[in-house]
Protein chains: 2
Amino acid sequence: MSSVSADDDGHEPITRMKSRDRRELILEAATGVFGDYGYVGATTDQVARAAGVSQPYVVRMFGSKEKLFLEVLRRALDALLSTFRTVLAENSRTELPRYFGRAYVDLLNDRGLLLSLMHAFVLGSDPVIGRAAREGFLEVYEFMRNEAGFGPEQTREFLAGGMLINTMVGLRMSDEFDTNETVRELLTIALPEKLDLLLHLGKTQRPTSK
Amino acid sequence: MSSVSADDDGHEPITRMKSRDRRELILEAATGVFGDYGYVGATTDQVARAAGVSQPYVVRMFGSKEKLFLEVLRRALDALLSTFRTVLAENSRTELPRYFGRAYVDLLNDRGLLLSLMHAFVLGSDPVIGRAAREGFLEVYEFMRNEAGFGPEQTREFLAGGMLINTMVGLRMSDEFDTNETVRELLTIALPEKLDLLLHLGKTQRPTSK
DNA sequence: CTACTAAGTAATCATTCGATTACCTCTTAA
DNA sequence: TTAAGAGGTAATCGAATGATTACTTAGTAG
């Protein structure tokens, strides 16, 4: 969730914002909340609170919870792809996989981003979200094959590694890092360098109440 | 979901069963439903209908939706591990990875089994389900390392490949197989042989109403 | 037979949640 | 200065859902 004023509770001088800016704020908050609870599990009220606005405002601004999630998904994919494109532009072709890997793990800094993606990837049965999720995954696949010039097996390896990382994150496996030897082993294996990054995201904050 | 009398609607001579058997039936139905809609998205009523019993009966038999899901998760893990143990016992150590891979994909025959696992793996933030899911994943990891004798990198590769397959299934990517060239490419790459199996599971049946 | 137990349901309740409505109040252009 | 539009909320609604309660009825042991 937003690192600044996580619990934007109370009624501090809610400064009026241009709706574009407010929209941005809400999308960031929503990314965090959807990442933590999933599409179905998250409530528009949680998003509203995290963004410091009222629940009806969230719904009205995006039309529906579903449309809000679709925007979150879209933004997450854009962030992922644009990150990769930057990496692609700044590095030589050799060693590219390693750099992509690093960049991917770096995306964990944007709390909720990869988690929201992950949640979308499991919603294949949903008529509208499922379609969007499939198309999103395919975009990434096509980027690898066509833009980055990865071969089939190289692509498979990369995507598979990414899904393993996603799973570790989705499971909040890092929460158990210093209490469980096996977890340490697993995470060390699963994360290509950058283990420290995962660990310093802070233990998953658990809002006790919805 | 159950292949026989999928929609056990109406009030056909509901033969009374020993509760052990009924329990089994409900667990199978629940595996399918949870696989399709996820823990939060699935309703106890959907499970009940799929099992051909009333909703209160489902809740009473398992205590709560949460406990029901935990049992589904437990069974899925047991099925996975016992399958692997069988493979392990029947084959020589060399070529083991390939056989595990096949066995894993074969598990797709048990509709909902891998999907339910996948759904659990994304619930890390849930206090009780998250813990169970982490422990479950660790069981699989430890099996690979200790029982199957996989090395670290070999284990990583295997788990990563598994997560990629899970993602393809969760996304219902195969639904698009014959309408999208890229999907064909992706699935061919992602699935080590056994592609046909994934394709013949039947297009995800979509009950239009909950 | 009969009475008891286990299998199973109908009815209904309390909550939760997304959405809608009706309203308020800043900001700003003329 | 003021009207109007944009930013924003309080109140509330209806549907969905997990759970509970109070029953009914099929087996089955004696």
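No experiment lies behind these values; they were computed from the predicted model shown. Reminder, nothing fancy here: chain letters follow the sequence lines and each chain counts from 1.
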A.B. asks: Grab the CZ-P distance between Phe62(B) and dA19(D) for me, whole Å please.
C.D. replies: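 Rounding to the nearest Å, CZ of Phe62(B) and P of dA19(D) are 13 Å apart.
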A.B. asks: Check this for me, if you would: do Glu28(B) and Arg111(B) make a salt bridge, where the nitrogen-to-carboxylate-oxygen distance has to be below 4.0 angstrom?
C.D. replies: no
A.B. asks: Testing the basics here: between Ala76(A) and Leu117(A), what is the closest heavy-atom pair and its distance to 0.1 Å?
C.D. replies: CB-CG, 4.0 Å
A.B. asks: Nearest whole angstrom, please: distance from the C1' of dA6(C) to the CZ of Arg20(B).
C.D. replies: 13 Å
A.B. asks: Whole angstroms only, please: what is the NZ-P distance between Lys67(B) and dG18(D)?
C.D. replies: 16 Å
A.B. asks: Give a yes/no on whether any side-chain N or O of Tyr57(B) is located under 4.0 angstrom from OP1 or OP2 of dT9(C).
C.D. replies: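 No, outside the criterion.
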A.B. asks: CE/Met168(B) to CG/Leu186(B) distance, rounded to the nearest 0.5 angstrom?
C.D. replies: 5.0 Å
A.B. asks: Starting at CZ of Phe34(A) and ending at C1' of dG18(C), how long is that distance when rounded to a whole Å?
C.D. replies: 12 Å
A.B. asks: Distance alone, cut at 3.5 Å: any donor-acceptor contact between the side chains of Glu185(A) and Tyr141(B)?
C.D. replies: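 Yes, a side-chain donor-acceptor pair sits under 3.5 Å.
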A.B. asks: In whole angstrom, give the distance that lies between atom CG of Asp45(B) and atom P of dA15(D).
C.D. replies: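 Between P of dA15(D) and CG of Asp45(B): 17 Å.
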A.B. asks: Flag the pair Glu157(A) / Phe150(A) as yes when at least one side-chain heavy-atom distance between them is below 4.5 Å, and no otherwise.
C.D. replies: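 No. Closest side-chain heavy atoms not under 4.5 Å.
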A.B. asks: Looking at dA7(C), dT9(C), dA22(C), which one has an atom nearest to any side-chain atom of Ser54(B)?
C.D. replies: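 Among dA7(C), dT9(C), dA22(C), the one nearest the side chain of Ser54(B) is dT9(C).
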A.B. asks: What is the separation between atom CZ on Arg49(B) and atom P on dG8(C), rounded to the nearest whole Å?
C.D. replies: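 Going from CZ in Arg49(B) over to P in dG8(C) covers 18 Å.
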A.B. asks: Give the nucleotide from the list dA19(D), dA19(C), dG7(D) with an atom nearest to the side chain of Lys65(A).
C.D. replies: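 Nearest listed nucleotide: dA19(C).
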A.B. asks: From dA19(D), dA6(D), dG18(C), pick the nucleotide closest to the side chain of Gln55(A)?
C.D. replies: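 Looking only at side-chain atoms, Gln55(A) lies closest to dG18(C).
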A.B. asks: Among dG18(D), dA10(C), dC26(C), which is the nearest nucleotide to the side chain of Pro56(B)?
C.D. replies: dA10(C)
A.B. asks: Is there a side-chain contact between Arg22(B) and the phosphate of dG8(C), meaning an N or O under 4.0 Å from OP1 or OP2?
C.D. replies: yes
A.B. asks: Nearest heavy atom decides the nucleotide; on that basis, is Glu66(B) or Arg60(A) closer to the 5' end of DNA chain D?
C.D. replies: Arg60(A)
A.B. asks: Please determine if a side-chain N or O atom of Ser19(B) lies less than 4.0 Å away from the OP1 or OP2 oxygen of dA6(C).
C.D. replies: no
A.B. asks: With a cut-off of less than 4.0 Å, is there a side-chain N or O of Thr44(B) near OP1 or OP2 of dT17(D)?
C.D. replies: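 Result: no.
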A.B. asks: In whole Å, I'd like the distance from the CZ atom of Arg16(B) to the C1' atom of dA26(D).
C.D. replies: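 So the CZ-C1' distance, Arg16(B) to dA26(D), works out to 4 Å.
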A.B. asks: Expressed as a whole number of angstroms, how long is the span from Lys18(B):NZ to dA6(C):P?
C.D. replies: 10 Å
